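Here the structure comes first, spelled out in structure tokens, and everything after it is commentary.
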Amino acid sequence: MLDLKGRKALVMGVANESSIAWGIAQSLAEGGAELALSFLPDARGRSERRVRRLADTLGCGLCLPCDVREDGDIEALFEALGREWGGLDALVHSIAGARSEDLVGEFTGVSREGFALAHDISVYSLIAAAHGGRSLMQGSDGSIVTITYLGSQRAIPNYNVMGVAKAALESAVRYLAAELGPAGTRVNAVSPGPIETLSSSVIAGFSEILGATAERAPLRRNVTARQVGNAVAFLCSDLAAGITGQVLYVDGGYHITAGM
Ligand code: NAD
Ligand code: IMJ
């Protein structure tokens with residue numbers, strides 16, 4: 001039985017109710033975990049109000065701002081968790097970011113700055129969070145989970161610099177798993193198929209991508225954020241005690257197919 005009672009879990013990356021991170025938070029809460037959410041703050045406090053309203057529905061009192069481009073924000077986040085909880089059992093990273101102009105057209109046109117930004121937000125942030133949470137997770141059979149995409153392995157139209165960043169993210173999962181394993185911390189990634197969220201719905205032709213994916217996937221349907229959340233909850237639980245350094249596809253089997 002999946003049981004996360006008494007486990008303390010941080011979920012990074014809830015922007016709104018369609019965020020994959022929100023599906024993950026719901027699944028972890030259903031498993032009995034106590035939650036903290038971190039969000040990207042904005043000047044007007046709008047995202048904070050939105051995320052707090054969602055957190056309240058799960059009885060989650062800890063909503064903490066964290067812009068992962070800021071070392072000080074990451075330090076402050078884990079300081080606050082140390083103060084409030086004194087330990088951490090699960091850390092979920094569901095964050096990506098690139099310039100919109102780098103997610104369309106020619107990959108060779110990416111700028112040095114655009115490349116660095118995508119890797120800073122989407123890859124370095126996982127390493128920095130693992131570093132920040134490391135001492136809090138020590139001795140608790142901790143679990144770190146990040147969210148990747150098939151564009152790390154295949155040249156998917158327009159995914160471009162994010163594909164390179166996701167390949168680096170999956171490699172970081174393996175290096176983190178190797179380093180943190182001796183302290184009992186497991187590190188894995190979940191790779192969902194396309195889901196309509198803030199980060200995907202702005203992509204040109206996204207509804208066509210959803211349709212084509214559902215048609216070709218062995219399960220003949222798209223996946224939901226809750227299905228991703230359930231896989232993350234599994235990886236955070238003792239049911240996955242033997243799994244680390246892995247990329248688990250939650251994509252209806254799409255990645256095994258070949259188009260002809
Ligand atoms: P989303 O927009 O809801 O989530 C992305 C999150 O990243 C947001 O909460 C955003 O605030 C956060 N973020 C961006 N820059 C940040 C910064 N500087 N500091 C802190 N947070 C920052 O979209 P989503 O689709 O739920 O994306 C979550 C993860 O899922 C991403 O890693 C994405 O690559 C991955 N993913 C998405 C899909 C999809 O089709 N939606 C498929 C596979 C993988
Ligand atoms: C993103 C771009 C191109 C093709 C894409 C995607 N496909 C899918 C996505 C096929 C599924 C969504 N995805 C997996 C992502 O990781 C998206 C990351 C992302 C999206 C945006 C959009 C708005 C913006 N910056 C972004 N940075 C990262 O300004």
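Heads up: numbering here begins at 1 and tracks the sequence. As the structure lists them, so they are numbered: ligands from 1, and atoms in each ligand from 1. Predicted, not measured: the structure shown is a model, and the values here were computed from it.
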Starting from the C-alpha separation in whole Å, work towards a yes-or-no answer on side-chain contact (heavy atoms from CB on, under 4.5 Å) for Lys166 and Tyr159. CA-CA 10 Å; Lys166 290 300 192 188; Tyr159 201 57; 3.3 Å; yes

Structural part of Ile121 in contact with ligand 1, heavy atom criterion under 4.0 angstrom: side chain

Could you tell me whether Val14 approaches ligand 1 through its side chain, its backbone, both or neither, with non-hydrogen atoms closer than 4.0 Å?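 It is the backbone that gets close, since no side chain atom is under 4.0 Å.
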
Counting heavy atoms not belonging to Tyr249, are there more than 12 under 6.0 Å from its OH?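 More than 12 heavy atoms, drawn from other residues, nucleotides or ligands, come within 6.0 Å of this atom.
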
Nearest to [atom], what protein heavy atom do you find, and at what distance?
{"atom": "atom 34 (O) of ligand 1", "result": "Lys166 NZ, 2.8 Å"}
{"atom": "atom 38 (C) of ligand 1", "result": "Ile20 CD1, 3.8 Å"}
{"atom": "atom 4 (O) of ligand 1", "result": "Gly13 O, 3.7 Å"}
{"atom": "atom 24 (P) of ligand 1", "result": "Thr197 OG1, 3.4 Å"}
{"atom": "atom 42 (C) of ligand 1", "result": "Gly193 O, 3.7 Å"}
{"atom": "atom 20 (C) of ligand 1", "result": "Cys66 O, 3.2 Å"}
{"atom": "atom 18 (N) of ligand 1", "result": "Asp67 OD1, 3.0 Å"}
{"atom": "atom 35 (C) of ligand 1", "result": "Ile147 CG2, 3.6 Å"}

Contacting atoms of ligand 2, where contact means under 4.0 angstrom from a heavy atom of Ser100: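 Atoms satisfying the 4.0 Å criterion: 29 (O).
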
If you measure every N/O of Ser199 against every N/O of ligand 2, is any gap under 3.5 Å?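 No.
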
Taking distance alone, with N or O pairs closer than 3.5 Å, would you say Leu103 contacts ligand 2? no

Answer yes or no for Ser122: is there a heavy-atom contact with ligand 1 below 4.0 Å?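 So Ser122 does not count as touching ligand 1.
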
Report yes or no: does Pro194 have a heavy atom closer than 4.0 Å to ligand 1? yes

Please report the shortest heavy-atom distance between Ala189 and Thr148, naming the atom on each side. CB-CG2, 3.9 Å

Yes or no on side-chain contact (heavy atoms from CB on, under 4.5 Å) for Val110 and Arg99, after CA distance, side-chain angles and deciding distance? CA-CA 10 Å; Val110 69; Arg99 291 181 178 169; over 6 Å; no

Check each of [options] against [atom] and report the one with the nearest heavy atom.
{"atom": "atom 6 (C) of ligand 1", "options": "Ser19, Ser199, Ala15, Ser94", "value": "Ser94"}
{"atom": "atom 4 (C) of ligand 2", "options": "Ile203, Asn160, Leu210, Val202", "value": "Ile203"}
{"atom": "atom 14 (C) of ligand 1", "options": "Ala98, Ser18, Gly97, Ala96", "value": "Ala96"}
{"atom": "atom 13 (N) of ligand 1", "options": "Val190, Ile95, Val68", "value": "Ile95"}

Salt-bridge test for Asp141 and Arg7: reply yes if a basic N is under 4.0 Å from a carboxylate O, no otherwise. no

Group every Ile, Leu, Val, Met, Phe, Trp and Tyr by side-chain heavy-atom contacts under 4.5 Å, then state whether Ile95 and Phe39 land in the same group.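 Per the 4.5 Å side-chain linkage, Ile95 and Phe39 are not co-clustered.
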
Does one hydrophobic cluster hold both Leu117 and Met12, with members joined at side-chain heavy-atom distances below 4.5 Å?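 Yes, because Leu117 and Met12 connect within a single hydrophobic cluster, where side-chain heavy atoms sit under 4.5 Å apart.
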
By number and element, which atoms of ligand 1 are closer than 4.0 Å to a non-hydrogen atom of [X]?
{"X": "Leu198", "result": "2 (O)"}
{"X": "Thr148", "result": "43 (C), 44 (C)"}
{"X": "Pro192", "result": "42 (C), 43 (C), 44 (C)"}
{"X": "Arg69", "result": "18 (N)"}

Straight-line distance of Ile195 CD1 to Ser200 OG, nearest 0.5 Å: 8.0 Å

Any sub-3.5 Å donor-acceptor pair from Asn188's side-chain atoms to Val145's backbone N or O? no

Compute the shortest N/O to N/O distance between [X] and ligand 1 and return yes if it is under 3.5 Å, no if not.
{"X": "Leu40", "value": "no"}
{"X": "Asn16", "value": "no"}
{"X": "Ile195", "value": "yes"}

Verify side-chain contact (heavy atoms from CB on, under 4.5 Å) between Thr197 and Trp22, making sure each step is shown before the conclusion. CA-CA 11 Å; Thr197 66; Trp22 178 238; over 6 Å; no

Please determine whether side-chain contact (heavy atoms from CB on, under 4.5 Å) holds for the pair Leu28 and Cys236, giving the CA-CA distance in whole Å, both sets of side-chain angles, and the decisive distance to 0.1 Å. CA-CA 8 Å; Leu28 293 175; Cys236 289; 4.2 Å; yes

Mind listing the side-chain donor-acceptor pairs of residues 58-77 below 3.5 Å, one per line with the distance, residues two or more places apart or on another chain?
| from | atom 1 | to | atom 2 | distance (Å) |
| --- | --- | --- | --- | --- |
| Asp67 | OD1 | Arg69 | N | 2.9 |
| Asp67 | OD1 | Arg69 | NE | 3.1 |
| Asp67 | OD2 | Arg69 | NH2 | 3.0 |
| Asp73 | OD2 | Asp67 | N | 2.8 |

